[in-house]
Amino acid sequence: MKYALVDCNTFYASCEKVFRPDLKNKPVIVLSNNDGCVVAMSREAKALGIPRGIPLFKVESHIKKYDIAVFSSNYTLYHDLSSRVMNILRNFASELEIYSIDEAFLILGGESQDDIARLIRGTVMTWTGIPVSVGIGPTKTLAKAANKVAKKRPEGYFDFSSSDSRLFLKELEVGDIWGIGRQYQAFLNRNGIFTALQLTQQSDSWVKKNLTMVGLRTKWELEGKPSIDMEQAPPPKKGILSSKSFSYPVTDLLDLMEAAADYGTTATEKLRKQKSVCRYVNISVSTNYFRQGDRQYSNAATIELAVPSAYPPDIISAARRGLEQIYRKGFKYKKITVYLTGIEDENRGQLDLFLKEDPRKYRVMESVDRINRKYGRNTVNCMNIRETSHWQMKREQLSPRYTTNWNELPLISAG
DNA sequence: TCTGGGGTCCTAGGACCC
DNA sequence: TCTGGGGTCCTAGGACCC
């Protein structure tokens, strides 16, 4: 059995280029929420040496000098193109795991691996305009590592089994292994372990003791023993959060209340979408820790609901009660998070009681969800959220919703 | 002036039970 | 002076991922 990892190259930047042929071979960067920092770059922008995660204001001069195209993140567009890519990949796999917005694991059939990799790349490019890389290996971890190699090759694919496995592992640095982050990399380096090959030479018990069971599975995967399952249907989320940074410091409790209502609504929509209810509402606020001179404060509160619910007014009033507990006057708040936990299926015991108590609540919410899906987010909302509140997101370089809004379809002109 | 958002899993330690 | 053993549940914190 063979695993493939298909990864969209510089996904957000590639999405922005699909409808802008004038940007072909030009550097493109995509910003985080609030246009804060650089989260994605086209190949050309990477070549200019811009590091991922750098704040926008630090690269303004580069942008002017090299005429870099800058975009606010347009998740409506990225999610739509992502689902088109995933639907294509489904045709090539006996099993498909959508791992993230721009990556999927596939279990391949018996065809020649080179042929299938070429076919996948060609089809996705022709049908969506998105370039992808294909890594193939006997485990998910090795397919991931093969994908890293694929990205550096002009063919855009690489099969682990076509290489000398000992040499491959020797050239793979521990920090580049899927599942080994910065802390573990530093720890392993301190212990004289720098390559995947060296990691596989440690005993299972040593790896488990120092890198937990997760690290031990990674070791087995590097040895070619599949130890991480495919997840075809994503399990329901165990925690759902909605959190945003403010574009300007917020001091007023009423503004925070409004933001809590907005993000509480967003989180609750996600909750209803997976047909769940939650028992706990956790709300947290913090000041801007990047501002060294400011007085800093952060705090969180968890409110338990009387009955598990996915009804926005229940969630929002809990969030507001929590906020009243933790709000302190005189701080400049930067960020607020609403986090829903204690998630259960909506059909479980306790809820029956609730539905008997007031089934109208759920009928109201079904209608609201329908209207908002049709006419846009916040067409109907619970707390009179203003369109122009100053705590809302900054998105000054937003591209059109080319694929999801009739008024923003790309126009083609003849001649 | 300007520094993202949304998740998962694991472990240690404390409270509590018999 | 002597001060068990085994278990569950919960939370906080730390690691990881994109």
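These figures come from a predicted structure and were not determined experimentally.
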Chemist: Have a look at A:Ile180 and say if it touches a base, only the backbone sugar-phosphate, or nothing, with a 4.0 Å heavy-atom cut-off.
Modeler: sugar-phosphate
Chemist: 5'-most contact on DNA chain B: A:Lys208 or A:Arg52, nearest heavy atom basis?
Modeler: A:Arg52
Chemist: Is a donor from one side chain sitting under 3.5 angstrom from an acceptor on the other, for A:Thr404 and A:Asp80?
Modeler: no
Chemist: Is atom CD of A:Gln201 surrounded by more than 12 heavy atoms (other residues, nucleotides or ligands) closer than 6.0 Å?
Modeler: yes
Chemist: Do A:Asn25 and A:Arg43 have side chains that get closer than 4.5 Å, going by heavy atoms?
Modeler: yes
Chemist: Round to a whole Å and report the spacing from CG of A:Asn74 to P of B:dG5.
Modeler: 17 Å
Chemist: Any carboxylate oxygen within less than 4.0 angstrom of a Lys/Arg side-chain nitrogen, looking at A:Lys2 and A:Asp159?
Modeler: yes
Chemist: Between B:dG5 atom P and A:Lys244 atom NZ, what is the distance in whole Å?
Modeler: 7 Å
Chemist: I need a per-nucleotide contact map over nucleotides 8-15 of chain C, read 5' to 3'. Cutoff is protein heavy atoms under 4.0 Å; write B for the base, S for backbone only, - otherwise.
Modeler: -------S
Chemist: Just wondering, do A:Pro138 and A:Ser161 contact through their side chains at under 4.5 Å, heavy atoms?
Modeler: no
Chemist: Donor-acceptor pairs under 3.5 angstrom involving side-chain atoms of residues 229-240 of chain A: please list them, not counting sequence neighbours.
Modeler:
| from | atom 1 | to | atom 2 | distance (Å) |
| --- | --- | --- | --- | --- |
| A:Gln232 | NE2 | A:Glu95 | OE1 | 3.2 |

Chemist: Which heavy atom of A:Asn74 sits nearest a heavy atom of A:Arg401, and at what distance?
Modeler: OD1-CG, 4.1 Å
Chemist: OH of A:Tyr263 versus P of B:dG4: gap in Å, rounded?
Modeler: 13 Å
Chemist: Can A:Ser298 and A:Ser286 be said to form a side chain to side chain donor-acceptor pair (under 3.5 Å), step by step?
Modeler: CA-CA 4 Å; A:Ser298 67; A:Ser286 67; 6.0 Å; no
Chemist: Listed by chain and number, what are the ring-ring contact (aromatic ring centres under 6.0 Å, His included) partners of A:His79, not counting sequence neighbours?
Modeler: none
Chemist: What pairs of nitrogen or oxygen atoms, one from the protein and one from nucleotides 1-3 of chain B, lie under 3.5 Å apart?
Modeler:
| from | atom 1 | to | atom 2 | distance (Å) |
| --- | --- | --- | --- | --- |
| B:dC2 | OP2 | A:Arg291 | NH1 | 2.9 |
| B:dT3 | OP1 | A:Lys334 | NZ | 2.3 |

Chemist: Which ring-ring contact (aromatic ring centres under 6.0 Å, His included) pairs, counting each pair once, include a residue from residues 267-299 of chain A, with sequence neighbours left out?
Modeler: A:Tyr297-A:Phe331
Chemist: If I take atom CG in residue A:Asp7 and atom P in nucleotide C:dC17, what distance separates them, rounded to the nearest angstrom?
Modeler: 14 Å
Chemist: Could you state the atom-to-atom distance from CD1 of A:Ile29 to P of B:dG4 in whole Å?
Modeler: 15 Å
Chemist: Rounded to the nearest Å, what distance is computed from the CG atom of residue A:Leu5 to the P atom of nucleotide C:dC18?
Modeler: 9 Å
Chemist: Closest approach of A:Ile228 and A:Glu221, non-hydrogen atoms and distance?
Modeler: N-OE2, 3.0 Å
Chemist: Do the ring planes of A:Phe168 and A:Phe160 sit parallel (below 30°), tilted (30 to 60°) or perpendicular (above 60°)?
Modeler: perpendicular
Chemist: Over all strands shown, is A:Lys209 touching base, sugar-phosphate only, or nothing at heavy-atom distances under 4.0 angstrom?
Modeler: nothing
Chemist: Wobble G-U and Watson-Crick pairs count when both distances are under 3.5 Å; given that, what is the 5' to 3' dot-bracket string of DNA chain C, with | for pairing to other strands?
Modeler: ....||||||||||||||
Chemist: Among residues 80-105 of chain A, which ones have heavy-atom contacts with DNA chain C below 4.0 Å?
Modeler: A:Tyr99, A:Ser100, A:Asp102, A:Glu103
Chemist: Give the rounded distance in Å between these two atoms: NZ of A:Lys151 and C1' of C:dC18.
Modeler: 12 Å
Chemist: Phosphate oxygens OP1/OP2 of B:dG7: is one of them under 4.0 Å from a side-chain N or O of A:Lys270?
Modeler: yes
Chemist: State, with a plain yes or no, whether a side-chain heavy atom of A:Ile315 is found less than 4.5 Å away from one of A:Leu305.
Modeler: yes
Chemist: Under 3.5 Å, side-chain donor or acceptor atoms of residues 147-154 of chain A against the rest of the protein: list the pairs with distances, not counting sequence neighbours.
Modeler:
| from | atom 1 | to | atom 2 | distance (Å) |
| --- | --- | --- | --- | --- |
| A:Asn147 | OD1 | A:Lys151 | NZ | 3.3 |
| A:Asn147 | ND2 | A:Leu5 | O | 2.9 |
| A:Asn147 | ND2 | A:Ser133 | O | 3.1 |
| A:Lys151 | NZ | A:Asp7 | OD1 | 3.2 |
| A:Arg153 | NE | A:Glu155 | OE2 | 3.2 |
| A:Arg153 | NH2 | A:Glu155 | OE2 | 2.7 |

Chemist: Distance only, no hydrogens: is a donor on one side chain within 3.5 Å (strictly under) of an acceptor on the other, for A:Thr139 and A:Thr141?
Modeler: no
Chemist: In residues 214-221 of chain A, which ones come under 4.0 Å of DNA chain B, going by heavy atoms?
Modeler: A:Val214, A:Arg217
Chemist: Can you sort out which residues in residues 231-242 of chain A have a heavy atom within less than 4.0 Å of DNA chain B? Ascending by number, please.
Modeler: A:Lys237, A:Lys238, A:Gly239, A:Ile240, A:Leu241, A:Ser242
Chemist: Scan for ring-ring contact (aromatic ring centres under 6.0 Å, His included) pairs involving residues 9-45 of chain A, sequence neighbours excluded, and state none if there are none.
Modeler: A:Tyr12-A:Tyr75, A:Tyr12-A:Tyr78, A:Phe19-A:Tyr402
Chemist: Please report the shortest heavy-atom distance between A:Asn34 and A:Ser245, naming the atom on each side.
Modeler: ND2-O, 2.7 Å
Chemist: Tell me the interatomic distance from A:Tyr75, atom OH, to C:dC18, atom C1', rounded to whole angstroms.
Modeler: 10 Å
Chemist: Do A:Arg90 and A:Ile98 come within less than 4.5 Å of each other through their side chains, counting heavy atoms only?
Modeler: yes
Chemist: Quick one: ring-ring contact (aromatic ring centres under 6.0 Å, His included) partners of A:Trp127, sequence neighbours excluded?
Modeler: none
